[in-house]
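To start, the structure under review is shown below, and the notes come after it.
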Amino acid sequence: MASDRVDVLVLGSGGREHALIAKLAESPTAGTIWAAPGNGGTRSVARSVDLPIEDGPAVAAFAKEKGVGLVVVGPEAPLVAGVGDALRDAGIPTFGPGAAAARIEGSKAFAKNVMEAAGVPTAAWQSFTDEAEALAYVADVCDRQGGCVVKADGLAGGKGVIVAATRTEAEDAVRQCFGGAFGDAGKTVVVEELLRGPECSLLSLTDGATVVALATAQDHKRALEGDRGPNTGGMGVYSPVPIVTEDELAQMTEVNERVVAEMAREGTPYAGCLYGGFMLTADGPKVLEFNCRFGDPETQVVLPRMRCDLVQVLLACATGNLDPSMIGWDEDWAVSVVLTSAGYPGSYETGKLITGVDAAASLDGVTVYHAGTRLGEAGELLTAGGRVLNVTAQAPSFEAARDLAYEAAALIDFEGKTLRNDIGARALLGRDAWEV
Ligand code: AMP
Ligand code: GLY
């Protein structure tokens with residue numbers, strides 16, 4: 001575009017991408033926003049385009065043709081596949097690390113080595129490429145500590161982590177990984193000490209040198225109330241996390257800074273969003289994982305509270321110009337409840353008519369982000385995934401935000417609508433609610 005406005009292309013189709021697009025669209029410097037492919041909710045502010053988002057040259061060709069001035073990569077798979085490198089090689093400012101740095105998420109063994117070099121606290125671990133050696137190690141760890149955590153090294157769509165409470169479970173997990181349950185991702189297996197405590201996510205933005213921590217957030221990964229049942233992509237989230245002490249926040253902030261500095265030192269500079277997943281243990285915060293992108297659903301509570309021109313912030317990360325003064329915060333609290341299709345994270349039906357979204361979104365302080373939705377032929381809203389909608393509420397107190405989110409969620413309906421009614425419940429009870 002001829003003006004100062006920047007045309008932006010966002011890769012991805014979930015609630016995270018809708019939240020990114022909504023915030024980008026508020027920017028006075030946003031031009032046309034493209035979503036590849038986006039979803040039923042992004043269509044009101046972004047133009048949808050069907051692109052093979054893991055094919056760097058194809059994405060770069062589209063961005064060049066349309067004069068896109070910033071590409072924002074939502075999910076990890078394109079980053080790990082090197083889409084960021086292809087775009088930068090084509091001279092297009094891109095938010096998200098290149099393939100070498102994205103290994104912080106793409107390989108758990110790589111991430112552990114970076115953590116060790118940076119001297120940041122994480123669970124004790126060993127990695128294995130041999131099944132018998134891994135089995136011997138888990139037997140030893142479980143005999144001493146009761147259980148352990150078995151992780152497929154590579155990307156496994158969130159399914160490659162098995163928290164094993166017993167030696168038998170751990171041995172089964174090792175056999176599953178080496179047996180090919182996670183494809184090539186399981187050819188290397190990381191075995192970790194089991195950590196206990198509440199979890200907390202801290203996302204930091206960085207241009208490779210300057211690191212700015214965003215607000216804390218806490219996801220609810222289990223499908224069922226009381227944190228039971230299978231792991232999901234996330235059933236609800238809130239920000240900030242009230243149980244985090246100032247000291248813990250300072251330690252988590254420093255961990256992300258040290259990792260960015262270490263990656264620059266190692267010649268794999270990291271620019272984009274560094275997602276630190278922490279366990280708040282009795283010995284202080286320890287890293288569970290790093291992700292090379294914004295969290296989903298963390299983004300749906302963190303971004304609405306941010307006061308900034310997101311186009312300029314992400315462009316600054318992409319071009320080495322990030323300045324902490326570009327980002328401010330609302331004082332309020334945000335709680336987001338995820339509405340899912342019955343059966344998720346197992347099999348579920350799609351194509352169900354969704355009603356009540358406008359009524360929910362019209363409540364003061366409520367934003368409804370779409371995740372798995374699409375528009376039908378008559379423009380009606382239909383379910384198109386397991387996680388369907390994220391109902392985010394902002395209010396001056398945690399309780400008010402939580403109540404508002406549930407009030408809004410109750411106005412929305414579709415066949416099979418499922419939700420957890422206890423999002424934020426433990427945070428309201430305080431730290432003791434996590435004692436085991
Ligand atoms: P990850 O993808 O590595 O974050 O693992 C997914 C989930 O597994 C985390 O959010 C934790 O709930 C759990 N987890 C991972 N590592 C550990 C660990 N060392 N101890 C206890 N739980 C863990
Ligand atoms: N909220 C978990 C993730 O984004 O991986």
Side-chain angles (χ1 to χ4, degrees), residues 12 14-17 19-20 74-77 79-80 102 104-112 115 121-127 138 141-142 145-165 169-170 173 177 182 185-186 189-203 214 216-223 227-239 241 273-283 285-303 336 338 345 371 387 390 423 426 434 436:
R16 165 184 51 208
E17 285 74 23
L20 282 163
E76 63 277 13
L79 294 167
V80 172
I104 194 96
E105 178 168 1
S107 164
K108 294 192 186 292
F110 174 88
K112 283 291 197 181
M115 287 184 241
T122 183
W125 67 287
Q126 290 248 16
S127 80
V138 300
V141 175
C142 291
Q145 298 176 1
C148 68
V149 183
V150 178
K151 300 184 174 185
D153 179 65
L155 291 184
K159 297 193 177 70
V161 174
I162 301 111
V163 180
E169 273 177 52
C177 286
F182 308 110
V189 170
V190 170
V191 180
E192 276 186 22
E193 156 201 21
L194 196 63
L195 299 176
R196 294 179 206 281
E199 288 182 41
C200 180
S201 307
L202 183 70
L203 284 58
L214 304 183
T216 53
Q218 190 176 58
D219 193 2
H220 296 60
K221 290 204 171 102
R222 301 295 197 97
D227 292 320
R228 292 174 301 109
N231 262 319
T232 70
M235 296 297 292
V237 62
Y238 52 79
S239 172
V241 184
C273 179
L274 180 67
Y275 169 129
F278 295 88
M279 189 77 93
L280 305 176
T281 75
D283 301 323
K286 294 191 178 179
V287 177
L288 293 172
E289 63 165 344
F290 284 110
N291 293 322
C292 63
R293 49 164 175 84
F294 280 103
D296 188 346
E298 286 88 341
T299 307
Q300 291 89 303
V301 285
V302 170
L303 280 193
S336 189
V338 179
R387 287 192 291 174
N390 307 131
I423 302 306
R426 280 214 278 188
W434 275 271
V436 280

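As the structure lists them, so they are numbered: ligands from 1, and atoms in each ligand from 1.
- Put simply, NZ on K112 and CD on Q126 are 11.0 Å apart, with the number rounded to the nearest 0.5 Å.
- One distance of note links CZ of F294 with CG of L214; it measures 6.5 Å at 0.5 Å rounding.
- In this structure, A371 and N390 approach most closely via the heavy-atom pair CB-OD1, 4.4 Å.
- Looking at Y275 and E298, their side chains come closer than 4.5 Å, going by heavy atoms from C-beta outward.
- Atom CD of E105 is separated from atom CD of E76 by 4.5 Å, given to the nearest 0.5 angstrom.
- Numbered from 1 in the order shown, with element, the atoms of ligand 2 that lie under 4.0 Å from a heavy atom of G295 read 4 (O).
- By the 3.5 Å distance cut-off applied to N or O atoms, D219 is counted among the residues near ligand 2.
- Of all atoms in ligand 2, numbered sequentially from 1 with element shown, those under 4.0 Å from a heavy atom of Y275 are 1 (N), 2 (C), 3 (C), 4 (O).
- Put simply, the side chain of E289 never gets that close to the backbone of G277: no donor and acceptor are under 3.5 Å apart.
- Regarding atom 5 (O) of ligand 2, its nearest protein heavy-atom neighbour is R293 NH2, 2.8 Å.
- Here Y238 contributes atom OH and D219 contributes atom CG; the two are 10.0 Å apart, rounded to the nearest 0.5 Å.
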### Task
Evaluate side-chain contact (heavy atoms from CB on, under 4.5 Å) for V191 paired with W125, printing each intermediate quantity in order.
CA-CA 6 Å; V191 180; W125 67 287; over 6 Å; no
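- The proximity of N291 to ligand 2, defined as any non-hydrogen pair under 4.0 Å, is limited to the side chain.
- Just one residue in the list R222, K221, R426 forms a side chain to side chain donor-acceptor pair (under 3.5 Å) with D227, and that residue is R426.
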At less than 3.5 Å, what protein N or O atoms come close to the N or O atoms of ligand 1? Include the distances to 0.1 Å.
from	atom 1	to	atom 2	distance (Å)
ligand 1	2 (O)	E289	OE1	3.1
ligand 1	3 (O)	K151	NZ	3.0
ligand 1	4 (O)	E289	OE1	3.2
ligand 1	4 (O)	E289	OE2	2.9
ligand 1	10 (O)	E199	OE1	2.8
ligand 1	10 (O)	K221	NZ	2.8
ligand 1	12 (O)	E199	OE2	2.4
ligand 1	16 (N)	K151	NZ	3.0
ligand 1	19 (N)	E192	OE1	2.7
ligand 1	19 (N)	E193	O	2.9
ligand 1	20 (N)	L195	N	2.8

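- Every heavy atom of F294 sits 4.0 Å or more from the atoms of ligand 2.
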